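Reviewing the structure listed below.
Note that the structure is predicted; figures quoted are calculated from it, not measured. Note on naming: letters A, B, ... go to the chains in the order of the sequence lines (proteins, then strands), and numbering restarts at 1 for each one.
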Protein chains: 2
Amino acid sequence: MERAQLANNIFSYFNDLGGEIDWRALTTPLDVHVTEKGQYLFQQGDSAKRLYFLHSGLVRYVSVSDQGKEFTQTFAQAPRIIGSTRAMVTGSPVLFGIQALEDCVISSYDWAEFYQQMRHDNAFLECYLHFLESIFIAKEERESTFVKDSAERRYLNFCQAYPTLKERISQQYIASYIGITPVALSRIRQQLKLSNQG
Amino acid sequence: MERAQLANNIFSYFNDLGGEIDWRALTTPLDVHVTEKGQYLFQQGDSAKRLYFLHSGLVRYVSVSDQGKEFTQTFAQAPRIIGSTRAMVTGSPVLFGIQALEDCVISSYDWAEFYQQMRHDNAFLECYLHFLESIFIAKEERESTFVKDSAERRYLNFCQAYPTLKERISQQYIASYIGITPVALSRIRQQLKLSNQG
DNA sequence: AAATAAAATTAACCTAGGTTAATTCTGTCC
DNA sequence: GGACAGAATTAACCTAGGTTAATTTTATTT
């Protein structure tokens, strides 16, 4: 894909958030990354002060606990902004890695430069604001499902919310997304199968 | 407290998020609410399309599961913006109630009007954007603690992060904030006492 | 198609935290 | 200061999900 084409993907993604953004102020060069299935765009602990955009493919945000257990925070499908708001804003190391679950085309801008150039555009600020609102709402819903629902409910919710993802993602990652072990997920699926047969 | 004084509290809170906001565009009238200890500002399921500001006091965001169990999402201390971003943005009923843990003075603006009047001010957008970034980051950290840490760790984290809150809040609410029962929290405290004595 | 590796299932056992209920402690109201 | 209510503790028992390990299924590679 051409660089100009990639940039256009990003521009129209932002515009679709509800604005008429004037992109002429943007002169920051765009980087292109091709990440193969299984590989990491960046690892937990890295510095990741860039705004990434997933043009094609599928990734997961993985964070690893002190005890070495992997936990999937999010799945993200193209086309979408990806990356760590926290790392971009605070400059601190990322709390999760981004792993490609399928071959991906990803591009990126340096966030500080991007924001410096675009912050004077009202339409841009409004779009970015809507983006932040949407990811906040998603996190809030996720928080609620973790505390209120059983693992079985969380699995059913996932299947209902992401019927297509369910087919593209291996079960171990679904388990790590709903916060249980693959063994427990298998058990739950077994029980569901039995109870559905009546 | 005078209405003008209350409005100034809100203005300077926003300004402190890093901007020079021109508030002259704002003509929306401000409402004043006085909420006594134990009372609710609004209940889960209500429509809450206002931007609330907590001038004094302490509240918790409470959501109740289908099985009738209470869960505390957040504690918020004055001075702070409170309310539901989700309800303001989507217009859907709130997923949590706000309960006063101490007597509170709260004021509010209709969000849609407020935003309509202020959205043309770049400095305002930037400040609100920083606010959204900060609440998103807080949620992300909370998500991570829920999945990675044991209840004991979560309790210790809470005590370290909010040493003063710990004294002001009854244990049952701390338990519901870290996602366990009061009985379990009591057990954990007991174990900590024992292990600290060596 | 055979060989290998990775993923999913199943079973046996274990543990953190839930549940219920009795008991003590801490207010706060008259 | 006595009486009552709500909060916290403790104990006994229960359950969802973790752990380990053996077995089968499914994907990859040659």
Side-chain angles (χ1 to χ4, degrees), chain A residues 36-39 58 60 62 64-72 75 99-103 145-159 165-197, chain B residues 36-39 58 60 62 64-72 75 99-103 145-159 165-197:
Chain A
E36 288 175 16
K37 180 172 178 169
Q39 294 306 107
L58 176 66
R60 67 178 185 127
V62 199
V64 183
S65 73
D66 297 342
Q67 297 89 56
K69 280 177 208 152
E70 281 196 358
F71 161 61
T72 299
F75 296 113
Q99 184 186 29
L101 295 181
E102 298 173 357
D103 293 350
T145 202
F146 260 107
V147 186
K148 289 178 168 177
D149 300 336
S150 68
E152 180 176 312
R153 254 263 75 72
R154 269 177 275 149
Y155 176 63
L156 292 170
N157 286 162
F158 172 82
C159 293
L165 273 189
K166 193 190 156 215
E167 308 306 321
R168 285 162 76 187
I169 295 172
S170 94
Q171 242 172 257
Q172 55 180 324
Y173 299 144
I174 298 178
S176 98
Y177 178 73
I178 63 180
I180 59 176
T181 59
V183 176
L185 178 56
S186 185
R187 208 152 34 191
I188 286 169
R189 283 161 52 86
Q190 173 64 10
Q191 281 162 8
L192 287 171
K193 228 181 284 169
L194 294 175
S195 63
N196 282 341
Q197 284 180 347
Chain B
E36 288 175 18
K37 180 171 177 171
Q39 295 306 108
L58 176 67
R60 68 180 187 126
V62 199
V64 183
S65 75
D66 297 343
Q67 296 89 54
K69 279 178 209 151
E70 281 197 357
F71 161 61
T72 299
F75 296 113
Q99 184 186 29
L101 296 182
E102 299 173 357
D103 292 352
T145 202
F146 259 108
V147 186
K148 289 178 166 178
D149 300 335
S150 67
E152 179 176 311
R153 254 262 74 71
R154 268 177 276 149
Y155 176 62
L156 291 171
N157 287 161
F158 172 82
C159 293
L165 273 189
K166 196 193 153 210
E167 308 305 321
R168 285 162 75 186
I169 296 172
S170 93
Q171 242 171 257
Q172 56 180 322
Y173 298 143
I174 298 179
S176 99
Y177 178 73
I178 64 180
I180 60 176
T181 59
V183 176
L185 178 54
S186 184
R187 208 153 35 194
I188 286 169
R189 283 160 52 87
Q190 173 64 9
Q191 282 162 8
L192 287 172
K193 230 181 285 172
L194 293 175
S195 62
N196 283 341
Q197 284 179 345

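The interatomic distance linking K37(A) (NZ) with dA5(C) (P) rounds to 18 Å, in whole Å. Nucleotide dG17(D) holds its P atom 7 Å from the CZ atom of R154(A), rounded to whole Å. K166(B) places its NZ atom 16 Å from the C1' atom of dA7(D), with the value rounded to the nearest Å. Note: CD1 (I174(A)) to C1' (dA7(C)) measures 12 Å, nearest angstrom. Residue E70(A) contributes atom CD, which lies 15 Å from atom P of dG18(D) at whole-angstrom precision. The interatomic distance linking E152(A) (CD) with dT15(D) (P) rounds to 16 Å, in whole Å. For the pair R168(A) CZ and dA27(D) P, the interatomic distance rounds to 16 Å; values are reported in whole Å. Atom-to-atom, OH of Y173(A) to P of dA8(C) comes out at 9 Å; the value is rounded to the nearest Å.
The line from CD of E152(A) to CZ of R187(A) is 12.5 Å long, rounded to the nearest 0.5 Å.
Between the side chain of S176(A) and the backbone N or O of T72(A) there is at least one donor-acceptor pair closer than 3.5 Å. Of the possible polar contacts, one joining the S195(A) side chain to the L192(A) backbone as a donor-acceptor pair under 3.5 Å is found. Between the side chain of D103(B) and the backbone N or O of E36(B), no donor-acceptor pair lies under 3.5 Å.
Between R60(B) and E70(B) there is a salt bridge, with a side-chain nitrogen of the basic residue lying less than 4.0 Å from a carboxylate oxygen of the acidic one.
Of the candidates dT19(D), dA8(D), dA8(C), the closest approach to any side-chain atom of Q172(B) belongs to dA8(D). Distance from the side chain of K69(A) is smallest for dG18(D) among the nucleotides dA7(D), dG18(D), dT9(C). Here dG17(C) is the nucleotide among dT19(C), dG17(C), dA8(C) with the atom lying nearest to any side-chain atom of S150(B).
For the residue pair R189(A) / Y155(A), a side-chain donor-acceptor distance below 3.5 Å is found, with atom types taken as modelled.
The phosphate of dA8(D) has neither OP1 nor OP2 within less than 4.0 Å of any side-chain N or O from K193(B).
Using cut-offs of 30° and 60° on the angle between ring planes, the pair F146(A) and F71(A) is perpendicular.
Taken residue by residue, residues 176-191 of chain B places heavy atoms nearer than 4.0 Å to DNA chain C at G179(B), I180(B), T181(B), V183(B), A184(B), R187(B).
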